[in-house]
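Quick caveat: nothing in here was measured; it's all calculated off a predicted structure. Side chains are part of it too, since the values below use all heavy atoms of this structure and drop only hydrogens, waters and symmetry mates. Naming convention: chains lettered A, B, ... in sequence-line order (proteins, then strands); numbering from 1 in each chain.
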Amino acid sequence: MKFKAVKGTRDFYPDVMRLRNYIVDAWRRVSLRNGFEEYDAPIFEYLDLFTIKSGDEIAEQLFHFTDRGGRRLAIRPEITPSLARMVAAKINTLPRPIKWFSVPRLCRAENPQKGRLREFFQWNVDIIGVDGIQADVECIFTAVDFLREVKLTADDACVRIGCRPLTVASLEMAGMPEDKIEAALALLDKRPKVTAEVFIKLATAAGLDEKQLAAACALQDCKSIKEIQELMDGRENIAGILDDLRELMKRLEQMGIGDYCQLDMSIVRGLAYYTGVVYEVFDRKQSLRAVAGGGRYDKLLEIVGGPAASATGFGMGDVVLGILLDEKGKLPEDVLAGMLDFFVIDGEDGTFEKVLEVVAALRTRGYAADYSFKRQNIGKQMREANRRGARLAMIIKKEQQGDQPEEFTASLKNLLTGEQRDGISITDFLNQPTLIP
RNA sequence: GUGGCUGUAGCUCAGUUGGCCAGAGCAUCGCGUUGUGGUCGCGAGGGUCGCGGGUUCGAGCCCCGUCAGCCACCCCA
């Protein structure tokens, strides 16, 4: 074969496409029932839209090109800058609250590895223009609502919640210079993933004071708000932050998802622009990278050249999620195999035209119905019905009584149980929905 | 971008110290006597052994390169 799928990309054959659709459909369903509206943006944007937020180095991680008009463009590696751009353009006319979601296809020019490809889908859920923690609660609830929707229990996955301002405060209290805080946060984000020795090495390499870092490390190890409070010793400037965090956890509990959520101050997130609560969804065993991540990013709209507007939200990729669902055996039967409601069979000569009528009628009524292209014996057609994953096989027969015009009847066989009913009048069957199993 | 491991049919793999025509299971398709699937039996299709070069009388097996996959680093929006 001369051509294959490009490095880090996937071909979606029907069996894989079923999985993708299962995930994307659930994302949409859950978003809508949580009151979010869908938006989308172009698949490529001006390169600058992405570099302004993340720096020029990011260009190396992007698929970018120059068009014939000399415009420097890039395929989107994320949709948040586009969201910021769209919201900024109409900020004064958009109805509030702005609760939006999207399922963009994204590309990043990174080296593929487990759970990470060059092309993927990512569910984005954001609330813009709401300052209070209730917006964060909404996003976290939506994430958990999805986990439940795809049958991931609190034993399978959890949301670990951290708080950027507290970490920053602990660094400030320890005397960390302001210009070093960003680097310190980046390093703290890595702490759970590296050994103590490596952490110290990285710290000295970044020119960070160990003692100052230690204060934040102590905070990271706190398991409860009470512990944090004791550690931070009731400093005034953090009282409000602590109250917010306490209230956030309480509301998550009230909304019935407390078992999925745990405070974890080691969650910092790599990105510079987070300004409040941050969180990541992990599989409990934590054998995979994060399934989702997000938090509050109140400055981003301004950075992208828009008005000042607070924002919070998260992203969830399809790749890690797909691996997790597969590993946990959570994929429904009809995702693993195709599903058909009816497979209609011509049971004897002269019934094929009736088959077409019945198939058409079933389809019109919303059932997935199909039939064999080959006119062959019932056994072969039954086998095809089975292969196609049909729930029911319907065999059309002809009955003639005396001089009466011939009448068609059907035998209906449940292919899962083997149960069969015969002599069903086709007219009655199609007219009475109750007869349809 | 860097490093390690791997690369034989759609999938999972066998393939003896390099030696005649490259194998199995699963999957796919066909057949199993005018007829009710899944099980079972028989059969077929499908591979220039990732690709390119080299060593050799001879390479799936050895060497080099390249591409891809996996894993780790960088990064993680």
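One interatomic measurement links the two molecules: NZ of K413(A) to P of G38(B), which rounds to 10 Å at whole-angstrom precision. Protein atom CD of E348(A) is 13 Å distant from nucleotide atom P of U36(B), rounded to whole Å. A straight line from NZ of K398(A) to C1' of U34(B) spans 14 Å, rounded to a whole angstrom. For K397(A) and G35(B), the NZ to C1' distance is 11 Å, given to the nearest whole Å. To the nearest angstrom, C1' of U36(B) lies 17 Å from CZ of R421(A). Put simply, CG on L117(A) is 12 Å from C1' on C70(B), counting in whole angstrom units. Residue D346(A) contributes atom CG, which lies 12 Å from atom C1' of U34(B) at whole-angstrom precision. The distance from atom CD of E384(A) to atom P of C29(B) is 9 Å, rounded to the nearest whole Å.
Salt-bridge formation is not detected for the pair K285(A)/D283(A): no Lys NZ or Arg NE/NH1/NH2 atom is positioned less than 4.0 Å from an Asp or Glu carboxylate oxygen. In this structure, K413(A) does not pair ionically with D422(A), as no charged nitrogen and carboxylate oxygen lie closer than 4.0 Å.
Backbone-only engagement by G8(A) is indicated by non-hydrogen atom pairs under 4.0 Å involving sugar-phosphate atoms exclusively. Heavy atoms of G347(A) sit under 4.0 angstrom from at least one base atom. Using a 4.0 Å heavy-atom criterion, one finds that I345(A) contacts no nucleic acid atom at all. Residue-level contact check: L300(A) touches neither bases nor backbone, having no heavy atom under 4.0 Å from any strand.
F314(A) meets the ring-ring contact (aromatic ring centres under 6.0 Å, His included) test with W123(A); sequence neighbours excluded. Every residue two or more places apart in sequence or in another chain that forms a side-chain contact (heavy atoms from CB on, under 4.5 Å) with C158(A) is listed here: R160(A), Q262(A), R284(A). Remark: Y297(A) engages Y273(A) in a ring-ring contact (aromatic ring centres under 6.0 Å, His included) (not counting sequence neighbours). A search for side-chain contact (heavy atoms from CB on, under 4.5 Å) contacts involving D341(A) returns Y367(A), A368(A), R391(A), not counting sequence neighbours.
Using Watson-Crick or G-U wobble geometry with both donor-acceptor distances under 3.5 Å, A24(B) finds its partner in U12(B). U17(B) is unpaired under the Watson-Crick or G-U wobble criterion, no partner having all donor-acceptor distances under 3.5 Å. The nucleotide C73(B) finds its pairing partner in G1(B), both defining distances of the Watson-Crick or G-U wobble pair being shorter than 3.5 Å. Partner assigned to A68(B) is U6(B), using Watson-Crick or G-U wobble distances below 3.5 angstrom.
Rounded to a whole angstrom, the distance from the P atom of U39(B) to that of G30(B) is 15 Å. Taking atom C1' in both U17(B) and G58(B), the straight-line distance is 16 Å, to the nearest Å. Taking atom C1' in both G15(B) and U33(B), one finds a spacing of 42 Å when rounded to whole Å. G47(B) sits 24 Å from C42(B) when the P atoms are compared, rounded to a whole Å. Here the separation of G1(B) from C75(B), taken at their C1' atoms, is 11 Å to the nearest Å. Taking atom P on both nucleotides, G54(B) is separated from G60(B) by 15 Å, rounded to a whole Å. Straight-line distance between the C1' atoms of U6(B) and C51(B): roughly 16 Å, to the nearest whole Å. To the nearest whole angstrom, the two C1' atoms, one in U56(B) and one in C64(B), are 16 Å apart.
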Q | CA sep, side-chain torsions, deciding dist, call: R28(A), V30(A), side-chain contact (heavy atoms from CB on, under 4.5 Å) | A | CA-CA 5 Å; R28(A) 288 220 161 82; V30(A) 169; over 6 Å; no
Q: List the steps, then state whether salt bridge (Lys or Arg N to Asp or Glu O under 4.0 Å) holds for E357(A) with K354(A).
A: CA-CA 5 Å; E357(A) 267 180 51; K354(A) 201 69 190 174; 3.1 Å; yes
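Contact annotation: side chain of N377(A) to base of G35(B), donor-acceptor pair absent below 3.5 Å. Side-chain N/O atoms of Q420(A) and base N/O atoms of U36(B) include a donor-acceptor pair closer than 3.5 Å. Donor-acceptor pairing under 3.5 Å, judged by distance alone, is absent between the side chain of K7(A) and the base of G69(B).
Judged purely by distance below 3.5 Å, without hydrogens or angles, the side chains of S82(A) and E45(A) pair a donor atom with an acceptor atom. With hydrogens and angles left out, the side-chain atoms of T9(A) and E119(A) include no donor and acceptor closer than 3.5 Å.
F63(A) pairs in a side chain to side chain contact (heavy atoms under 4.5 Å, CB included) with only one of the listed residues (R108(A), R118(A), R76(A)), which is R118(A).
For R383(A), no side-chain nitrogen or oxygen approaches OP1 or OP2 of G30(B) to under 4.0 Å. In this structure, K380(A) reaches the G32(B) phosphate: one of its side-chain N or O atoms is under 4.0 Å from OP1 or OP2.
Map I378(A) and R387(A) each onto its nearest nucleotide of RNA chain B; the residue landing nearer the 5' end is R387(A). Nearer the 5' end of RNA chain B, as judged by each residue's closest nucleotide, is the contact made by D349(A), out of V6(A) and D349(A).
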Distances for protein N/O vs nucleotides 43-46 of chain B N/O pairs under 3.5 angstrom?
none

Q: Determine, for nucleotides 71-77 of chain B in 5'-to-3' order, which nucleotides have protein heavy atoms under 4.0 Å from the base (write B), from only the sugar-phosphate (write S), or from neither (write -).
A: SSBBBBB
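Here CZ of R269(A) is found 13.0 Å from CG of L185(A). Values are rounded to the nearest 0.5 Å.
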